There are 2 protein chains.
Amino acid sequence: MVTITDIAQALGITPSTVSRALSGSTRVKEETRRAVQKKAQEMGYERNVVAANLRKGRSNIVGIIVPRIHREFFSNVIGGAESALNDAGYHVLICQSLETRDAEIKALKTLRNYSVAGVLLSHAIESTDGSHIPEILGRSIPLVQFDRVFPDLPGAKIVGANYDGAFKATSHLIQQGYKRIGTLAGYMSSQAYVERLSGYRMALESANLPYDKSIVFSDTIVRETGYQACIKALEAGCDALYCAGDFCALGAIDLLKEKGIRIPEDFGIVGTANESFTALMFPSMSSLGQHPFEMGQAAAKAFLEGRTDTQVIPMELHIRQSSNKNNTWQK
Amino acid sequence: MVTITDIAQALGITPSTVSRALSGSTRVKEETRRAVQKKAQEMGYERNVVAANLRKGRSNIVGIIVPRIHREFFSNVIGGAESALNDAGYHVLICQSLETRDAEIKALKTLRNYSVAGVLLSHAIESTDGSHIPEILGRSIPLVQFDRVFPDLPGAKIVGANYDGAFKATSHLIQQGYKRIGTLAGYMSSQAYVERLSGYRMALESANLPYDKSIVFSDTIVRETGYQACIKALEAGCDALYCAGDFCALGAIDLLKEKGIRIPEDFGIVGTANESFTALMFPSMSSLGQHPFEMGQAAAKAFLEGRTDTQVIPMELHIRQSSNKNNTWQK
DNA sequence: TACAAAGATACAAACGTTTGCATTAATTGC
DNA sequence: GCAATTAATGCAAACGTTTGTATCTTTGTA
């Protein structure tokens with residue numbers, strides 16, 4: 001591997017000048033800069049980033065911590081973030097928390113050890129508070145939270161319009177004429193789900209419908225828990241569910257099909273996330289769409305621009321068969 | 001940040017001894033090792049991996065290059081690989097080639113610059129040969145190829161049982177009584193698709209059916225191209241398609257639905273990849289399942305164990321509505 | 001007791017950059 | 001024409017490890 005010292009020797013100058021020439025410092029003559037660049041090209045030089053990182057105490061790696069890489073939502077966020085970061089010369093180190101606080105802490109420490117330029121984080125469900133995060137990252141590593149955020153932590157945040165979205169989704173169910181609308185609310189440890197629940201509640205209250213805690217089912221997030229919760233929802237006399245996730249909604253549909261309950265005639269379902277399967281399944285599932293790719297890009301940009309504000313990414317309701325009694329659904 | 005020099009000073013020994021004590025060298029007394037470990041714990045020491053990497057000329061980062069992170073198949077591979085690598089103390093740097101050879105080359109150079117411990121790669125469609133890969137990585141960075149591999153490149157390879165799988169899928173269509181079975185074959189620049197085509201062909205020939213080039217449709221991979229190819233397949237009199245991807249199969253189904261052609265009665269479809277939507281859509285799609293998570297784990301293990309052989313991950317056929325005239329499909 | 005052989009630790013260089021400060025060369029002002 | 005200023009480059013230390021070689025200590029053996 002050719003080093004700046006090699007280039008310096010070839011040109012009869014010193015490594016420091018070569019370094020400055022290549023890094024765009026003003027402290028070098030335009031003429032020598034060109035000579036250096038030409039020589040570097042000729043010799044096939046490529047900067048050793050590890051050495052540069054060590055000296056600078058900062059790398060051009062951005063760490064992304066997500067609960068699970070292979071979840072559609074997160075892989076799309078990562079895809080969006082990687083594109084934007086790569087364009088700006090950064091690279092992406094990926095960590096999975098697998099929803100545990102311990103793995104999240106370990107990942108944060110790992111990233112700090114690589115002296116990453118920044119961290120994009122969507123916290124584990126198990127992390128009910130975010131105190132460990134600034135504790136590990138300190139002042140010098142900027143943090144951008146996305147989707148699952150701790151509002152009281154400093155730094156940029158990118159969130160979906162959860163409140164608005166859930167309000168729209170629930171209002172839609174009301175308009176469709178469903179009378180007793182429950183919710184599979186997700187985990188109350190996560191702000192996103194808390195906001196969805198608020199939106200659900202406000203939609204009911206705006207329509208002068210009672211908010212009934214007994215048909216709010218928490219800790220539902222996967223297919224199986226959705227199935228289980230739907231059993232209870234039926235017992236409680238529900239005829240519709242706003243589900244704060246697509247997978248729990250899927251579980252609910254599993255049960256309804258099994259019981260021979262007609263969708264959407266007898267029971268309405270709206271999910272959340274607009275996973276790709278929702279449009280393709282039968283009956284196709286109405287879903288409150290997030291924009292994970294855009295969210296990833298926004299997170300990357302927030303880091304790149306050094307923002308510290310909170311951005312809200314709109315959510316849109318895709319009305320499909322599972323909640324549309326008129327049968328004139330969008331595709 | 002506390003360094004090994006700090007620990008050395010605190011104990012009145014030298015940094016080299018501390019380094020050896022912490023890295024498990026035999027050249028240090030058990031007693032001092034314990035003292036060092038205790039002190040390190042006390043002072044909250046964590047090894048600066050950047051410095052260690054620079055000195056060793058090798059990092060504990062493994063690079064993964066995939067065409068697109070957010071494709072379900074690849075995100076699952078990454079998920080599997082990350083878990084296995086993380087357990088072994090490695091971390092994952094992610095790059096997307098976006099199917100272009102240039103981006104792939106850039107990613108390879110980036111990874112070499114980080115002096116990664118290894119590279120897991122599934123090449124871009126645009127890369128029709130793999131000569132650039134060893135050229136950049138050289139002898140010292142081990143390469144593990146997965147899914148889309150160049151057979152003539154040295155190093156470990158993890159592939160699906162494409163030939164066997166396509167053979168099974170096509171045979172299944174034959175058994176179902178379809179008479180003129182075409183194929184959406186994907187890109188012939190990729191070995192995986194070439195093998196699938198061979199399997200398709202051998203299944204036909206084993207059943208004494210003609211192999212007809214005019215109903216082999218190449219360069220189909222996304223929904224839209226599947227739709228277009230299916231138009232031609234209908235014109236050519238096909239009554240079934242083995243599709244080398246799920247998305248092009250989806251496009252074919254789009255067209256069939258639009259034309260009011262009954263599935264599976266009048267036309268049979270089998271896709272490939274077993275993407276999650278295939279089981280949930282209507283009609284549910286038969287698909288030749290890959291095991292991306294396992295493939296990722298296998299790739300990681302091949303790297304960790306320094307293997308250089310080729311491993312074949314079995315594929316299994318999930319028979320669903322789109323190809324099952326008996327209507328007694330598996331879920 | 002002396003001497004060799006381990007055993008344990010210390011020394012110092014190296015990995016390839018970056019960067020504050022010193023030095024030299026070129027330019028300006030008076 | 002000489003000091004003062006600016007521009008360009010050189011020098012050398014530093015980032016925190018790892019590791020080959022040298023040194024010192026202990027142990028075992030003749």
Side-chain angles (χ1 to χ4, degrees), chain A residues 1-37 39-40 43-61 89 109-110 112-117 138 140-141, chain B residues 1-37 39-40 43-61 89 109-110 112-117 138 140-141:
Chain A
M1 285 290 88
V2 27
T3 72
I4 52 170
T5 313
D6 299 333
I7 299 178
Q9 271 173 355
L11 291 171
I13 56 178
T14 62
S16 38
T17 307
V18 175
S19 172
R20 279 189 258 262
L22 293 173
S23 65
S25 161
T26 56
R27 285 176 52 190
V28 64
K29 220 195 311 184
E30 200 46 42
E31 189 187 327
T32 49
R33 179 192 311 285
R34 261 193 292 274
V36 167
Q37 278 167 343
K39 202 76 186 175
M43 301 176 71
Y45 169 77
E46 269 164 64
R47 160 195 273 116
N48 181 323
V49 287
V50 177
N53 292 350
L54 173 60
R55 170 60 227 229
K56 289 197 292 194
R58 154 110 54 118
S59 75
N60 49 174
I61 296 179
K109 287 186 178 169
T110 296
R112 185 190 52 192
N113 268 9
Y114 277 103
S115 40
V116 293
S140 59
I141 303 179
Chain B
M1 284 289 91
V2 27
T3 73
I4 54 169
T5 314
D6 298 333
I7 298 178
Q9 272 174 353
L11 292 171
I13 57 178
T14 63
S16 40
T17 306
V18 175
S19 172
R20 279 190 253 263
L22 291 174
S23 66
S25 162
T26 56
R27 284 175 52 189
V28 65
K29 220 195 312 186
E30 200 46 42
E31 189 188 326
T32 49
R33 180 192 309 285
R34 260 194 292 276
V36 167
Q37 278 167 342
K39 202 75 185 177
M43 300 176 73
Y45 170 78
E46 268 163 65
R47 161 197 270 115
N48 181 323
V49 287
V50 177
N53 292 350
L54 173 60
R55 170 62 226 229
K56 290 197 291 194
R58 155 109 54 116
S59 76
N60 49 174
I61 297 180
K109 287 186 179 170
T110 297
R112 184 191 51 193
N113 268 8
Y114 276 103
S115 41
V116 292
S140 59
I141 302 178

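Please read these numbers as outputs of a predicted model, since none were measured by experiment. Just so it is clear: chains get the letters A, B, ... in the order the sequence lines come, proteins before strands, and each one is counted from 1.
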Rounded distance in Å - [atom1] ([X]) to [atom2] ([N]):
| X | N | atom1 | atom2 | answer |
| --- | --- | --- | --- | --- |
| Arg58(A) | dT19(C) | CZ | C1' | 16 Å |
| Arg33(B) | dA8(C) | CZ | P | 10 Å |
| Arg27(B) | dC24(D) | CZ | P | 16 Å |
| Glu31(A) | dA7(D) | CD | P | 17 Å |

> Has the side chain of Arg20(B) got a donor or acceptor that lies under 3.5 Å from a partner of the other kind on the base of dT18(D)?
Replying inline: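 A donor-acceptor contact between them is absent.
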>> Taking atom types as they are modelled, would you say the side chain of Thr14(B) forms a donor-acceptor pair with the base of dC11(C) within the 3.5 Å cutoff?
In response: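 No such pair is found, so the answer is no.
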> Mind checking what makes side chain to side chain contact (heavy atoms under 4.5 Å, CB included) contact with Arg47(B), not counting sequence neighbours?
Replying inline: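 Testing Arg47(B) for side chain to side chain contact (heavy atoms under 4.5 Å, CB included), a comparison that skips the adjacent residues, returns Ser23(B), Tyr45(B), Val49(B), Ala52(B).
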> Would you call Ser59(A) and Val50(B) a side-chain contact if the rule is heavy atoms closer than 4.5 Å?
Replying inline: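 Not touching, per the 4.5 Å side-chain cut-off.
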What pairs of nitrogen or oxygen atoms, one from the protein and one from nucleotides 13-17 of chain C, lie under 3.5 Å apart?
{"unit_1": "dA14(C)", "atom_1": "N3", "unit_2": "Arg55(B)", "atom_2": "NH1", "d": "3.2"}
{"unit_1": "dC15(C)", "atom_1": "O2", "unit_2": "Arg55(B)", "atom_2": "N", "d": "3.3"}
{"unit_1": "dG16(C)", "atom_1": "N2", "unit_2": "Ala51(A)", "atom_2": "O", "d": "3.4"}
{"unit_1": "dT17(C)", "atom_1": "OP1", "unit_2": "Tyr45(A)", "atom_2": "OH", "d": "2.8"}
{"unit_1": "dT17(C)", "atom_1": "OP2", "unit_2": "Ile4(A)", "atom_2": "N", "d": "2.8"}
{"unit_1": "dT17(C)", "atom_1": "O5'", "unit_2": "Tyr45(A)", "atom_2": "OH", "d": "3.2"}

Table please: side-chain donor-acceptor pairs of residues 6-17 of chain A below 3.5 Å, with sequence neighbours left out.
{"unit_1": "Asp6(A)", "atom_1": "OD2", "unit_2": "Thr3(A)", "atom_2": "N", "d": "2.9"}
{"unit_1": "Thr14(A)", "atom_1": "OG1", "unit_2": "Ser16(A)", "atom_2": "OG", "d": "3.1"}
{"unit_1": "Thr14(A)", "atom_1": "OG1", "unit_2": "Thr17(A)", "atom_2": "OG1", "d": "3.2"}

>> Taking 4.0 Å as the cut-off, does a side-chain nitrogen or oxygen of Thr32(A) come that near to OP1 or OP2 on dA8(D)?
In response: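 For dA8(D), OP1/OP2 do not have a side-chain N/O of Thr32(A) under 4.0 Å.
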> Would you say Thr17(B) reaches dT9(C)'s phosphate, i.e. side-chain N/O to OP1/OP2 under 4.0 Å?
Replying inline: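 No.
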> Looking only at heavy atoms, which two atoms of Gly44(B) and Val2(B) are closest? And how far apart?
Replying inline: O-CG1, 3.6 Å
> What's the shortest heavy-atom distance between Glu46(B) and Lys109(A), and which atoms?
Replying inline: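 Looks like OE1-CB, 3.6 Å.
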> Is Arg58(A) atom CZ crowded by more than 12 heavy atoms from other residues, nucleotides or ligands, each under 6.0 Å away?
Replying inline: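 At most 12 heavy atoms, drawn from other residues, nucleotides or ligands, come within 6.0 Å of this atom.
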>> Using a 4.0 Å heavy-atom cut-off, does Ser23(A) contact any base of the nucleic acid, only the sugar-phosphate backbone, or nothing at all?
In response: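 Nothing, no heavy atom under 4.0 Å.
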